[in-house]
Trainee: 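First the structure, which I've put down as structure tokens, then a few questions once you've had a look.
The figures here come from the full heavy-atom set of this structure, side chains too, leaving out hydrogens, waters and symmetry mates. When a ligand or atom number is given, it counts from 1 through the structure's own listing order.
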Amino acid sequence: MVAVGVDLEHSRRVVDLAHRFPQVFAGVGHYPTETPDPDIAALRELAADERVVAIGEVGLDFVDTNSPSREVQQARFDQLLTLAVELDLPVSIHNRGAPAEVAGAIAAHPGLRGAMHYFALEWDWAERFLGLGFYLSFAGLVTRPSRNALREVVKQCPPDRILLETDSPYGQAHKRMGEPNRPAYLLDTARLVAELRGISLEELADIERANALALFRKMT
Ligand SMILES: [Zn+2]
């Protein structure tokens, strides 16, 4: 699994976690709603660690009203994507209300690889991000009754581009609303995704392992 940081302190903590548990790798990043600017030099230094496999979480949040301005977020996002290309690390991208701007930013950084984290959009956007070479990462949202369009995306996503995540402590599966999410509950999502795609949980696990190793190359 990949534990991601939302600021420098949490990025340092996930690197520490990744050193303590062989099952855990780290992503270092800067969440778009953070008040201070990202410390790119410190993130670059941290990303050199052997256990850091991604730059994330990074992205754009045009919904949260406490976020910095769109211009500030976009300038920071550009810096963080530049760092990812420089270090040849994949990115984990947060997108809330800014799919066109995120797609534009990805396209502006040739060579950038990564995953659309907590993917929640319909097929036309899925196609756009797949076309940019990105993976789609699905969370407990797919288990919620109202999310038929998202389940269609799960069915149509090419097998070599599908990833799963919890986004814990958020992103609960439908049956766990009201309790904090945790990595072990990935199975709630995995069971449904396997069912939607007509494969066994074991087959899905093989696909997930292969996709993770293909995207997060430092895991190998
Ligand atoms: Zn997010």
Trainee: Is Glu45 atom CD crowded by more than 12 heavy atoms from other residues, nucleotides or ligands, each under 6.0 Å away?
Mentor: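 Check fails, neighbour count at 12 or below.
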Trainee: Between Glu9 and Arg13, does any NZ, NE, NH1 or NH2 come within less than 4.0 Å of an OD or OE carboxylate oxygen?
Mentor: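 Glu9 and Arg13: salt-bridged.
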Trainee: Check for me whether Arg96 meets the cation-pi criterion with Phe62, that is, NZ or CZ under 6.0 Å from the six-membered ring centre and within 45 degrees of the ring axis.
Mentor: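 The answer is no; the distance or angle limit is not met.
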Trainee: So, with waters excluded, how many protein N/O/S atoms does the Zn ion (ligand 1) have closer than 2.8 Å?
Mentor: 3
Trainee: Determine whether a donor-acceptor pair (N or O, by modelled atom type, separation under 3.5 Å) exists between the side chain of Glu152 and the backbone of Glu122.
Mentor: no
Trainee: Can you list the residues that meet the salt bridge (Lys or Arg N to Asp or Glu O under 4.0 Å) rule with Arg147, with sequence neighbours excluded?
Mentor: none
Trainee: For residues Glu179 and Tyr185, is any side-chain donor paired with an opposing acceptor at under 3.5 Å?
Mentor: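 Judged by distance alone, the side chains do pair up.
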